[in-house]
Novice: 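Below: one structure in structure tokens.
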Amino acid sequence: MTEQNEITQVIQSRIEKLNWFIENGYKPFEYRFDKKDAIHDIIERFEKEESEFPVSTAGRITANRIMGKAGFFDITDVSGKVQVYIRKDQIPEQDFEVYKHLDVGDFAGVTGTMFRTHKGEISILCKSIILLTKSLHPLPEKWHGLKDKELRYRKRYLDLLVNPEVKEVFITRSRIINSIREFLNSRNFLEVETPMLQFVPGGAAARPFKTHHNALNSEIYLRIAPELYLKRLIVGGFEKVFEINRNFRNEGMDRNHNPEFTMLELYQAYADYNDMMLIVEDLFINICETLYQKKELAFNEFPNINLAKPWKRISMEDSFEEFAGFSVKNKSITELQAMLEEKDKVKQEKLGKVIEKLFEVFVQPKLIQPTFITDYIKDSSPLTKVHRNDDRLVERFEVFIAGMELGNAFSELNNPWDQKERFEEQVKDLEAGDDEAQRMDYDYVNALEFGMPPTGGLGVGIDRLIMFFTNAPSIRDVILFPLMKPEI
RNA sequence: GGGCCAUUAGCUCAAUUGGCAGAGCAACUGACUCUUAAUCAGUAGGUUGAAGGUUCGAUUCCUUCAUGGCCCA
């Protein structure tokens, strides 16, 4: 209990029961229990055998129906829930006293034999019971659960405790990440870990979190992306690497953004962005088939999103003609800026940024089925190779599903002189006040000078991917402890 | 950053035109040896998010603040 909690009537009664255990020689916070059986397993075994067998299990009491000299209570562990039937004439006298001093929320250990009640419910006939941990607070209401979103995010343990579908989301999250690892390992990608603390925060257009290293007496940043380190590893001779880990961006929060979020980045030598598209298709299909044994699923208001390949590929410029009903090719930057300001009250200087903003407004919401948008304007993508057929463009794509951006990939720029010039352009923007512009990273340029083979790179926002596969409306529903403002 | 909405018992929610702060679950006491949202009888539980203001009187109207949600940027 913390200082902010008052002793309410309910808590007082639980403290009195806790004291009863102490006075009678029990430990209200036991050391261990020999839990032999997971609840799911004993129910499954009884369904098969339909015979009485002894069990020893433990979990949290989640319901209690006491009837004088007998009672039924539900005990829940991570695998499931089982009903326990306890009657005074079947257990030591003192154990029934123990039962009477238990509350919903307490952890208990139970031994007994499996049987089926007259009403047909598979249950444990209790032979002994022990309190393992006393719970001092009442659980949220058994019927309505915990609905208040603020409480659910701040006290996620309660949300997990009383809302079973929340537990399912995070189990699915783990399964998805496992399946990504298996997919990449099976293709001989090496999982690596690169620095979270970086002196030059690079690899993305974002504002970093700044902190201070005491021993070096130096400013240091939380990473906004692992990109520049992963590509150093390609210089170092690894040919396929990936990292699944946290990025930090000092930006606002909404249903698609949390300041810390999980990113998959992978790099493959001798590959280009076309190869990355093939990986994205296979990766998503692999996840979907692992989870649901099919290639279609519903997300949000879209009942049928079909992941069967090949996914649509269309260039950024062409996408306007197809989805927005106008062309950007024959328009001057001034015309495009005017359109953007009219629609969005936003002013952007560079052609690439103007077109991307227009794209966000006019095209992105219409990209429901999986779509690769390819070939961005050069000035907004400083780490990307110039397009082999059009030097106004770069070889970059982003992948969209259900109007949501889920990934970003390039043919990686590996010409050190070109890279240096692009950084210099970015530094000019930074000095002109664009706080998302990238910084000069001489060490990275130096690495490229040693030679990086042609390389394809891909980044996938894991939280959004999990939103998609679990049909979650907000990123806060797929992050266990989303960032919240402190109370008071 | 802007707009709208919310905040009442541990939880889920009420409260008519501004007129005694209410229910269900949880808790407590009693009855009850096959219940499962157990049942029956009774009891207790509130600084109505915070601070001001208007008023004889504020959960209700006004202002500011805090936190959250939704939408927009």
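Note that the coordinates shown come from a computational prediction; the quantities given were computed from them, not determined experimentally. Just so it is clear: chains get the letters A, B, ... in the order the sequence lines come, proteins before strands, and each one is counted from 1.
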Novice: How would you label the contact of A:R255 with the nucleic acid (heavy atoms, under 4.0 Å): base, sugar-phosphate, or nothing?
Specialist: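 Sugar-phosphate: the residue A:R255, judged by heavy atoms under 4.0 Å, touches backbone atoms but no base.
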
Novice: Please give, in whole Å, the distance from B:rC25 P to A:L146 CG?
Specialist: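 Roughly 19 Å, once rounded to whole Å.
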
Novice: When the distance from CZ of A:F115 to C1' of B:rU36 is rounded to whole Å, what number comes out?
Specialist: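 Distance check: A:F115 CZ to B:rU36 C1' gives 12 Å.
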
Novice: Using the P atom as the reference point in each nucleotide, state the distance between B:rU60 and B:rG18 in Å, no decimals.
Specialist: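 It comes out at 11 Å once rounded to the nearest Å.
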
Novice: Please report the distance, rounded to the nearest Å, between NZ in A:K88 and P in B:rU33.
Specialist: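 In whole Å, B:rU33 P and A:K88 NZ are 10 Å from each other.
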
Novice: Aromatic contact between A:Y99 and A:F73, with the criterion being ring centroids under 6.0 Å apart: yes or no?
Specialist: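 Under 6.0 Å, so yes.
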
Novice: A:Y153 and side-chain hydrogen bond (donor to acceptor under 3.5 Å, both in side chains): which partner among A:D159, A:D477, A:D148?
Specialist: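 Only one of A:D159, A:D477, A:D148 forms a side-chain hydrogen bond (donor to acceptor under 3.5 Å, both in side chains) with A:Y153, namely A:D477.
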
Novice: If you check the A:D148 side chain, which of B:rG68, B:rA38, B:rU12 turns out closest?
Specialist: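 Nearest to the side-chain atoms of A:D148, counting from C-beta on, is B:rU12.
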
Novice: Which one is paired to B:rU67, where only Watson-Crick or G-U wobble pairs with both distances under 3.5 angstrom count?
Specialist: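 Base-paired to B:rA6.
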
Novice: Once you round it to whole Å, what is the distance between P of B:rC25 and CH2 of A:W143?
Specialist: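 Interatomic distance, CH2 of A:W143 to P of B:rC25: 13 Å.
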
Novice: Would you please say whether a donor-acceptor pair under 3.5 Å links the side chains of A:S381 and A:R396?
Specialist: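 The answer is yes; a qualifying pair exists.
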
Novice: Quantified in whole Å, what is the C1' atom distance between nucleotide B:rA6 and nucleotide B:rU59?
Specialist: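 Here B:rA6 and B:rU59 have their C1' atoms 14 Å from each other.
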
Novice: So which nucleotide does B:rG52 pair with, by the Watson-Crick or G-U wobble rule with both distances under 3.5 Å?
Specialist: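 Looking at the geometry, B:rG52 pairs with B:rC62.
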
Novice: Under a 3.5 Å cut-off for both contacts, is B:rG45 paired Watson-Crick or G-U wobble with anything, and if yes, with which nucleotide?
Specialist: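 Pair assignment: B:rG45 / none.
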
Novice: Do A:Q83 side-chain and B:rU35 base share a donor-acceptor contact under 3.5 Å?
Specialist: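 Present.
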
Novice: Which word best sums up how the rings of A:F397 and A:F372 line up, parallel for under 30°, tilted for 30 to 60°, or perpendicular for over 60°?
Specialist: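 The arrangement is perpendicular - the two ring planes meet at more than 60°.
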
Novice: Would you say a side-chain N or O of A:K119 is under 4.0 Å from OP1 or OP2 of B:rU35?
Specialist: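 It does, given that an N or O in the side chain of A:K119 lies less than 4.0 Å from OP1 or OP2 of B:rU35.
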
Novice: With both distances under 3.5 angstrom, what nucleotide forms a Watson-Crick or G-U wobble pair with B:rA37?
Specialist: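 With both distances under 3.5 Å required, B:rA37 matches none.
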
Novice: Would you mind telling me which of B:rC34, B:rU36, B:rA26 lies closest to the side-chain atoms of A:P138?
Specialist: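 The answer is B:rA26, which lies nearest to the side chain.
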
Novice: Can you figure out which of B:rG68, B:rA27, B:rU33 approaches the side chain of A:A70 most closely?
Specialist: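 Shortest atom-to-atom distance from the side chain points to B:rU33.
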
Novice: Does B:rC28 have OP1 or OP2 sitting under 4.0 Å from an N or O in the side chain of A:S13?
Specialist: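 Indeed, a polar side-chain atom of A:S13 lies that close.
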
Novice: For the residue pair A:E398 and A:Y376, confirm or rule out a side-chain donor-acceptor distance under 3.5 Å.
Specialist: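 A pair is found: one side chain offers a donor N or O, the other an acceptor, under 3.5 Å apart.
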
Novice: Which nucleotide, B:rG10, B:rU33, B:rU67, lies nearest any side-chain atom of A:K69?
Specialist: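 Nearest to the side-chain atoms of A:K69, counting from C-beta on, is B:rU33.
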
Novice: Tell me: CZ of A:R65 to C1' of B:rU33, nearest whole Å?
Specialist: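 Checked: the CZ to C1' distance equals 15 Å.
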
Novice: Return the nearest nucleotide to the side chain of A:R154; candidates are B:rU35, B:rU67, B:rC34.
Specialist: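 When the side chain of A:R154 is considered, B:rU67 is the closest of B:rU35, B:rU67, B:rC34.
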
Novice: Look at the rings of A:F326 and A:F320 and say which category their plane angle falls in: under 30° parallel, 30 to 60° tilted, over 60° perpendicular.
Specialist: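 Ring orientation, 0 to 90° scale: tilted.
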
Novice: Would you say B:rA66 has OP1 or OP2 under 4.0 Å from some side-chain N or O of A:K485?
Specialist: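 No.
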
Novice: State which of B:rC34, B:rU33, B:rA26 makes the closest approach to the side chain of A:R87.
Specialist: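 That would be B:rU33.
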
Novice: Between C1' on B:rC11 and CG on A:L161, what's the gap in Å once rounded to a whole number?
Specialist: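 Computing the A:L161:CG to B:rC11:C1' distance gives 13 Å.
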
Novice: Base, sugar-phosphate alone, or nothing: which one does A:G145 contact when heavy atoms must sit under 4.0 Å apart?
Specialist: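 The answer is sugar-phosphate, as A:G145 gets under 4.0 Å only of primed atoms, P, OP1 or OP2.
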
Novice: Which nucleotide sits closest to the side chain of A:R476: B:rC34, B:rG69, B:rC11?
Specialist: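 In terms of side-chain proximity for A:R476, the closest of B:rC34, B:rG69, B:rC11 is B:rG69.
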
Novice: Has A:K81 got a side-chain N or O lying under 4.0 Å from the OP1 or OP2 atom of B:rU36?
Specialist: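 No.
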
Novice: Taking only the C1' atom of each, what is the distance from B:rU48 to B:rC20 in whole angstrom?
Specialist: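 These two C1' atoms come out 15 Å apart once rounded.
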
Novice: Give me the distance, rounded to whole Å, that separates B:rG22 from B:rC28 when you measure between the P atoms they each carry.
Specialist: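 One P to the other, the span is 24 Å.
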
Novice: Check A:P482 against A:R156 and note the closest heavy-atom contact, atom names and distance.
Specialist: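 It is CD-NH2, 3.9 Å.
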
Novice: What distance, rounded to whole Å, do you find between the two C1' atoms, one in B:rG52 and one in B:rA66?
Specialist: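 These two C1' atoms come out 15 Å apart once rounded.
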
Novice: Using a heavy-atom cut-off of 4.0 Å across all strands, would you classify A:K147 as base, sugar-phosphate, or nothing?
Specialist: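 Sugar-phosphate contact only - A:K147 comes under 4.0 Å of backbone atoms but never of a base.
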
Novice: Considering only atom C1', compute the distance from B:rU33 to B:rC13 and round it to an integer number of Å.
Specialist: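 Comparing C1' positions in B:rU33 and B:rC13 gives a spacing of 36 Å.
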
Novice: If B:rA15 has a Watson-Crick or G-U wobble mate with both distances under 3.5 Å, name it; if not, just say none.
Specialist: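 Per the H-bond distance test, none.
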
Novice: Rounded to whole angstrom, note down the C1' distance from B:rA27 over to B:rU63.
Specialist: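 B:rA27 and B:rU63 have their C1' atoms separated by 40 Å.
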
Novice: Write down the distance separating the P atoms in B:rC11 and B:rC34, rounded off to the nearest Å.
Specialist: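 The same atom, P, in both gives a distance of 35 Å.
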
Novice: Between B:rA27, B:rC71, B:rU36, which one does the side chain of A:Q9 approach most closely?
Specialist: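 Between B:rA27, B:rC71, B:rU36, the one nearest the side chain of A:Q9 would be B:rA27.
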
Novice: Would you mind telling me which of B:rU35, B:rC34, B:rC28 lies closest to the side-chain atoms of A:D103?
Specialist: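 Within the option list, the nearest is B:rC28.
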
Novice: Hey, which sits more toward the 5' end of RNA chain B by its nearest nucleotide, A:D254 or A:I66?
Specialist: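 Result: A:I66.
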
Novice: Counting side-chain heavy atoms from C-beta on, which of B:rA37, B:rC34, B:rU67 comes nearest to A:Y85?
Specialist: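 Nearest listed nucleotide: B:rC34.
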
Novice: Check the surroundings of atom NZ in A:K81: do more than 12 heavy atoms from other residues, nucleotides or ligands lie under 6.0 Å from it?
Specialist: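 Result for NZ/A:K81: open.
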
